[in-house]
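The figures that follow rest on heavy atoms only: side chains count, while hydrogens, waters and symmetry mates do not. Computed from a predicted model, the values in this text were never measured in an experiment. Just so it is clear: chains get the letters A, B, ... in the order the sequence lines come, proteins before strands, and each one is counted from 1.
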Amino acid sequence: MNPYILTILLFAMGLGTTITFASSHWLLAWMGLEINTLAILPLMCQSHHPRAVEATIKYFLTQATAAAMLLFASITNAWITGQWNLEFMSYSLPTTLVTVALALKIGLAPLHAWMPEVLQGLDLTTGLILSTWQKLAPFCLLLQINPSNTSLLLILGLASTLVGGWGGLNQNQLRKILAYSSIAHLGWMILVLQFFPSLTLLTLLMYFVMTFSLFISFKVNNSTTINSLSMSWSKAPIISSMVPFILLSLGGLPPLSGFMPKWLILQELTKQSLAPLATLAALSALLSLYFYLRISYAMTLTMTPNILLNALPWRLPSNQHTLPLAITTSLTICLLPLTPAIITLLTL
Amino acid sequence: MSLPKISRVPASRLLSAVHDPRWPLRSAAPLAVPKRALTQSGYRRPGQPREDKPPWQRIKFDFSKGLEGITKHFKLLRQEFSDRLVGPEGKPIIEHMLEQNRVIWEFRGPDSLQEWTLSSDREIGGQSEIHLKLGKNNETCFLYGTLQSAPPRDGETRYSGYCSMRSKQPLVSFDRKKHHDWSSFNTLHLRIRGDGRPWMVNIAAESYFTHQKDDLYSYFLYTRGGPYWQDVKIPFSKFFLTHRGRIQDNQHPLWLDKVNTIGFTLGDKADGPFQLEIDFIGVCKDYAHTEDFAYEVYKRNPEV
């Protein structure tokens, strides 16, 4: 893409999110979300392949619907209460509608159907931006509104963890697996939103780090299916040995960093006397763990039978920037001992 | 005093003799495979009456057929659920990972012919014929017929003379579309025995927009006549994009994760009989083939 256009689009994406971060008026927040959506659309259909254009249109339609619902809810709130401030939504109808609109924006179940198809049509870098950066602005809004309907958030959260687990079970396309993993993680974030919002932020940031590592690892291998991952041990052996750790961290296993948010969320839910819900969420994490393990099985634990050991392909030095991958992989694996410090930082 | 009614419109019997919609379809050959009905092809010949029945008058209610349909669809749904527990596409993951060749269509019994649908320019008023039957010992499929490139005399068609065989869209329970996922493979493998005519292989992938519903990815299939079987391996990177027969300028590779149908078309303007025998159609993974796409994707004359 023309570097000037690329700069403008990336700048606009940053601008949109920043406007939403800085806003206390609903109209400004909505404007930031719209700028964000519109800026990513050209990035999504860069390759002009029909599937990329299909993904762009599906993304645009869902995001536009969500933004329209959000605008409607905020106008309804302004009509009823007479003020546009984000934090002072006291009536249940606008608040519920805002929650549902933001759930559609980020792809929570049962409003998740667009996510796998959209991610499947994009290349890995744009998919990464969609899974990470585009979630920041809606979460900023979700963290600021006072949820009136406690059970709605719990239903959204539990449904997302279950759907994310079940849906990803039989996929062999990596981007769809990442989409379902995103849905499951968003479910975990929403479960604890009304009890301990800082944990939502912690889960979100940890998810960003872990999924960034995974996306970039797949990008370095240039693979989009599970089968093509089986050749990665000869192309990038160190990455092949680190990816199982990233995947287990995504699955939430100790002693990796991904365990931190899940542990704290389960603890918080138990403190709120929601132990059965916590059990169900933990069990649904097992479903996600199954397909993470399947990817690590295909990538690292098996060797394809028809490549001779002494016929390895040329391993030329890669031109890709692997420093961010190195940083995020280290953070994905080693952050668990810093849990007390992180909690203190977040609760300040 | 009432005058006798003068009819200004010619008698309907007179008109129907000329515009009889059944006239082009009358053929003496027995129908081994159900051909595409005129309405299925979506083309209404100019001069033929429209089917203007409202939808509620087109439904034919039949209780026993309804019950059969319900049991069939629920059985398929149960099969889907149990396949999901096994692995992707109903096979364990290790089988999916190790798969290098897969036979998709194999003609070993009369049921295999039900997965295919035939069409020729009979639908637009031409005179080509196409039939499909099982070959010797029920081991192959035998596609045969006659090509006539005389265009139909309707004043608007200039060229004619095509015959084709296309696979039906695979369906899951409740008539939902299922797509072939060939993303682990990169080559189409056919075993055919032709008569020297050049055929065209057309693959239709799933499209979202209605203006893309006639998008086909095509490549040529040159048959060598003769008693020996011909193994044809066409990499999927060679397939180019066409729309309603016209090769498109903006080419892009075929994405293999959602393939709907495959078809064979003959339209080589050589009138006369033709035959094609197909043993199997499969896909395979050629590790030596590293090409992504055989055609240029950049703009050849970019505007500055």
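- Within a 6.0 Å radius of OH in B:Tyr159, no more than 12 heavy atoms belonging to other residues, nucleotides or ligands are found.
- The side-chain heavy atoms of B:Glu99 and A:Asn227, taken from C-beta on, include no pair separated by under 4.5 Å.
- The NZ atom of B:Lys285 sits 8.0 Å away from atom OG of A:Ser228, with the distance rounded to the nearest 0.5 Å.
- Atom NZ of B:Lys91 is surrounded by more than 12 heavy atoms from other residues, nucleotides or ligands within 6.0 Å.
- The two residues A:Arg294 and B:Gly87 make their nearest non-hydrogen contact at NH2-CA, 4.2 Å.
- Heavy atoms from other residues, nucleotides or ligands lying under 6.0 Å from CD1 of A:Ile238 number 12 at most.
- Interatomic distance, OG1 of A:Thr225 versus CG of B:Asp181, reported as 9.0 Å (0.5 Å rounding).
- Only the side chain of A:Thr302 comes within contact range of chain B, with at least one heavy atom under 4.5 Å from a heavy atom of that chain.
- Applying the 6.0 Å contact sphere to CZ of B:Arg78 captures no more than 12 heavy atoms from other residues, nucleotides or ligands.
- B:Leu98 touches chain A through its side chain: at least one heavy atom from C-beta onward sits under 4.5 Å away, while N, CA, C and O do not.
- Interatomic distance, CZ of A:Phe291 versus CD1 of B:Ile93, reported as 12.5 Å (0.5 Å rounding).
- Counting heavy atoms of neighbouring residues, nucleotides and ligands inside a 6.0 Å radius, atom CZ of A:Phe60 does not exceed 12 of them.
- Within a 6.0 Å radius of NE2 in A:His321, other residues, nucleotides and ligands contribute 12 heavy atoms or fewer.
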**Prompt:** Should B:Tyr208 and A:Glu117 be marked as a side-chain contact (heavy atoms from CB on, under 4.5 Å) after you check the CA-CA gap, both sets of side-chain angles, and the distance that decides it?
**Reply:** CA-CA 11 Å; B:Tyr208 181 63; A:Glu117 294 295 324; over 6 Å; no
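- In this structure, A:Lys219 has no salt bridge (Lys or Arg N to Asp or Glu O under 4.0 Å) partners at least two apart in sequence or on a different chain.
- Applying a 4.5 Å heavy-atom cutoff, the residues of residues 118-125 of chain A that approach chain B are A:Gln120, A:Gly121.
- Under a cut-off of 6.0 angstrom, the local environment of CZ in A:Phe245 is sparse, with at most 12 non-hydrogen atoms contributed by other residues, nucleotides or ligands.
- Residues of residues 47-57 of chain A lying under 4.5 angstrom from chain B, judged on non-hydrogen atoms, are A:His49, A:Pro50, A:Arg51, A:Val53, A:Glu54, A:Ile57 by number.
- Annotation for B:Phe209: atom CZ counts as buried by contact number, over 12 foreign heavy atoms lying within 6.0 Å.
- Distance check, rounded to the nearest 0.5 Å: CG of B:Leu85 to CG of A:Leu169 gives 8.5 Å.
- The salt bridge (Lys or Arg N to Asp or Glu O under 4.0 Å) test applied to B:Asp111 returns no partner, not counting sequence neighbours.
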